[in-house]
**Student:** 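Before I ask anything, let me first share the structure, which is written out below as structure tokens.
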Amino acid sequence: MQLSDKKATLSFSDGSAPIEFPVYQGTIGPDVIDIRKLYGQSGMFTYDPGFLATASCESGITYIDGDKGQLLYRGYPIDQLAQKCDFLDICHLILNGDLPNKEQKAEFDSLVTHHSLVHEQLHFFLRGFRRDAHPMAVLTGLVGALSAFYHDSTDITNPHHRQVSAIRLIAKMPTLVAMAYKYSQGQPFIYPQNDLSYTGNFLRMMFATPCEEYKVNEVVERALDRIFILHADHEQNASTSTVRLCGSSGTNPFAAIAAGVACLWGPAHGGANEACLQMLEDLQANGGVAKVGEFMEKVKDKNSGVRLMGFGHRVYKNYDPRAKLMQETCKEVLASLGLENDPLFKLAMELERIALEDDYFVQRKLYPNVDFYSGIVQRAIGIPTSLFTAIFALARTVGWIAQWNEMLSDPDYKIGRPRQLYVGPQVRDVPSR
Ligand code: CMC
């Protein structure tokens, strides 16, 4: 963070003395006004529910330019990363600051691969859930429970412990998600197989049974790997901010990531991919492309409570670059699986076409986000809709843990503690009773 020559001055209409604040510059993107001394000097807080204009931290991991539709991980554009790297390259990049060279890659991949087994007792813990429990309910519980199984990496003041926890989380998440799925199907858990890639191993743990050999389909493996890459980090979104806030109390990393999983579940965040596919399926069942116009009228009617899921974003006011890559992958996967005429894909393309020409969407700068096409890809691969958000959580774990680690490595970090504008009753006496 670099001090700018500029300063910001806050003046008051009641004649109180103006207050001057320092302004800091990042490497790219908007400057920030440092208001940390505001309360001490004025007795007032700033008011910004929803954090519309508040930078809650400094970070060197991910950068988004919402107007340009640009996303960078550690400075690298997402489209280049998606085309030239695999997910474990991205994990190394996000966690350690740069892409691995050949030796680093071999070492990192092996480290993750050799941490993918989970404690056998976790199988019994999982069996306590109902078989029809939502996978995100199961995952929130399983990730939180990791702190009860891996005590030896929970000293957050020890950088080695933090590194071990990070690797454990990245490595075990696919195993946990696949276990949650197998349990819901009443099928036996499949143990990891170390000669497969991170994503190939996940596909096998999901879809293999002990009854026959499972062969990983390379197109499907590449598509899922891309989904992981596109979801790996997204700066200070709701779940990442939740992980930071939760972790700022000094809690252990597994507890902090479980909080992130819980936050991600909501339909305005990671739950949107599930909600988007449900919307497409409902629309298909109720008339399909012929009813798109009618549906769009409902979306535009504020009293209907209907939103076009997979559209709009707090930061992107242009096409989400992840959505473009996802649409490409969608075409590739459907073609390779012989599903070129998938009616949901046709429906999604039609909704997008209409939305991009409609004044309502144009004026509000609403474009497809990553979730608009990712559900169609996952459905084609055979992943059930209820598991979509768990896949997102699996991929986002590296971002969460890197952001948590970045926060703890900052010598100036403090517990997160927002203030409020109190509008409740004034002091009053309890009446005699
Ligand atoms: N369909 C219809 N109208 C919309 C939509 C939508 N999907 N999104 C925003 N709007 C309208 C909204 O009604 C408002 O209109 P007005 O100005 O007339 O009141 C305007 O656009 C601004 O919307 P907002 O809700 O104030 O914007 P926000 O930044 O608070 O919300 C959002 C962002 C992502 C929650 C919202 O766009 C949304 O609900 N989208 C659908 C859910 C979704 O796809 N979420 C996934 C986000 S990307 C994955 C992730 O990061 O988790």
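Counting starts at 1 for both ligands and their atoms, in listed order.
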**Student:** Does one side chain, of E274 or S386, offer a donor that lies under 3.5 Å from an acceptor on the other?
**Tutor:**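 There is no such pair (donor and acceptor under 3.5 Å, judged by atom type) between the side chains of E274 and S386.
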
**Student:** List every atom of ligand 1 that sits less than 4.0 Å from any heavy atom of D371, numbering the atoms from 1 in the order shown and giving each element.
**Tutor:** 46 (C), 48 (S), 49 (C)

**Student:** Do S165 side-chain atoms and S153 backbone N/O form a donor-acceptor pair below 3.5 Å?
**Tutor:**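 Yes.
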
**Student:** Is the closest N or O pair between G310 and ligand 1 shorter than 3.5 Å?
**Tutor:**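 Yes, there is a polar N/O contact under 3.5 Å.
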
**Student:** Identify, by atom number and element, the atoms of ligand 1 in contact range of A268, meaning under 4.0 Å from any of its heavy atoms.
**Tutor:**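 Selected atoms, number and element: 45 (N), 46 (C), 47 (C).
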
**Student:** Got the closest protein heavy atom to atom 48 (S) of ligand 1, with its distance?
**Tutor:** H313 CD2, 3.4 Å

**Student:** May I ask you to check whether H161 and T154 show a side-chain donor-acceptor distance below 3.5 Å?
**Tutor:** no

**Student:** Just to confirm my output: which protein heavy-atom neighbour is closest to atom 17 (O) of ligand 1, and how far is it?
**Tutor:** R364 NE, 3.9 Å

**Student:** May I ask you to list the atoms of ligand 1 that are less than 4.0 angstrom from any heavy atom of A272?
**Tutor:**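 Once the distances to A272 are compared, the set is 43 (C), 44 (O), 45 (N), 46 (C).
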
**Student:** Is a side-chain donor-acceptor pair under 3.5 Å present for E352 with Y319?
**Tutor:** yes

**Student:** Do you see a donor-acceptor pair shorter than 3.5 Å between the side chains of Q236 and Q403?
**Tutor:**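 Their side chains do contain a donor-acceptor pair, which is all the 3.5 Å distance test asks for.
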
**Student:** Give me the residue, atom name and distance of the protein heavy atom closest to atom 30 (O) of ligand 1.
**Tutor:** R314 NH2, 2.9 Å

**Student:** Under 4.0 Å from any heavy atom of V299, which atoms of ligand 1 are there?
**Tutor:**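 So the atoms of ligand 1 that pass are 1 (N), 2 (C).
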
**Student:** For atom 47 (C) of ligand 1, what's the nearest protein heavy atom and its distance?
**Tutor:** N369 ND2, 3.6 Å

**Student:** Nearest heavy atom to atom 50 (C) of ligand 1 wins, so pick from R396, K317, H269, R322.
**Tutor:**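 The residue whose heavy atom sits nearest atom 50 (C) of ligand 1 is H269.
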
**Student:** On a heavy-atom basis, which atom in T397 and which in L169 lie closest, and how many Å separate them?
**Tutor:**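 Shortest heavy-atom separation between T397 and L169 comes out as CG2-CB, 3.8 Å.
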
**Student:** Inspect the contact between D342 and K331 and indicate whether a charged nitrogen and a carboxylate oxygen are less than 4.0 angstrom apart.
**Tutor:**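 Looking at D342 together with K331, the answer is no, because their closest N to O distance does not fall below 4.0 Å.
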
**Student:** Is there a donor in the side chain of R131 and an acceptor in the side chain of Q185, or the other way round, less than 3.5 Å apart?
**Tutor:**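 On atom types as modelled, these side chains do not qualify, holding no pair under 3.5 Å.
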
**Student:** To the nearest 0.1 Å, how far is atom 41 (C) of ligand 1 from its closest protein heavy atom, and which atom is that?
**Tutor:**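 It is F311 O, 3.4 Å.
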
**Student:** Relative to atom 16 (P) of ligand 1, which among M309, K302, Q363 owns the nearest non-hydrogen atom?
**Tutor:**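 Selected option, by shortest heavy-atom distance: K302.
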
**Student:** Are D48 and T54 linked by a side-chain donor-acceptor pair shorter than 3.5 Å?
**Tutor:** yes

**Student:** Less than 4.0 Å between atom 27 (O) of ligand 1 and some protein heavy atom, yes or no?
**Tutor:** no

**Student:** Looking only at atom types and distance, does a side-chain atom of N252 sit under 3.5 Å from a main-chain N or O of F254, one as donor and one as acceptor?
**Tutor:**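 Such a contact is found between N252 side chain and F254 backbone.
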
**Student:** Could you identify the single nearest non-hydrogen protein atom to atom 3 (N) of ligand 1 and state the distance to 0.1 Å?
**Tutor:**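 Going atom by atom, the protein heavy atom closest to atom 3 (N) of ligand 1 ends up being Y360 OH, 2.8 Å.
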
**Student:** Could you check whether F189 and H123 have their ring centres less than 6.0 Å apart?
**Tutor:**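 Yes, ring centres under 6.0 Å apart.
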
**Student:** So if I count the atoms of ligand 1 from 1 in the order they appear, which ones are less than 4.0 Å from some heavy atom of G270?
**Tutor:**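 Listed by number with element: 52 (O).
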
**Student:** Which protein non-hydrogen atom lies closest to atom 23 (O) of ligand 1, naming both residue and atom, and how far is it?
**Tutor:**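 Answer for atom 23 (O) of ligand 1: R307 NH2, 4.3 Å.
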
**Student:** Tell me the protein heavy atom at minimum distance from atom 10 (N) of ligand 1, and give that distance in Å.
**Tutor:**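 Minimum-distance protein heavy atom for atom 10 (N) of ligand 1 reads L366 CD1, 3.6 Å.
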
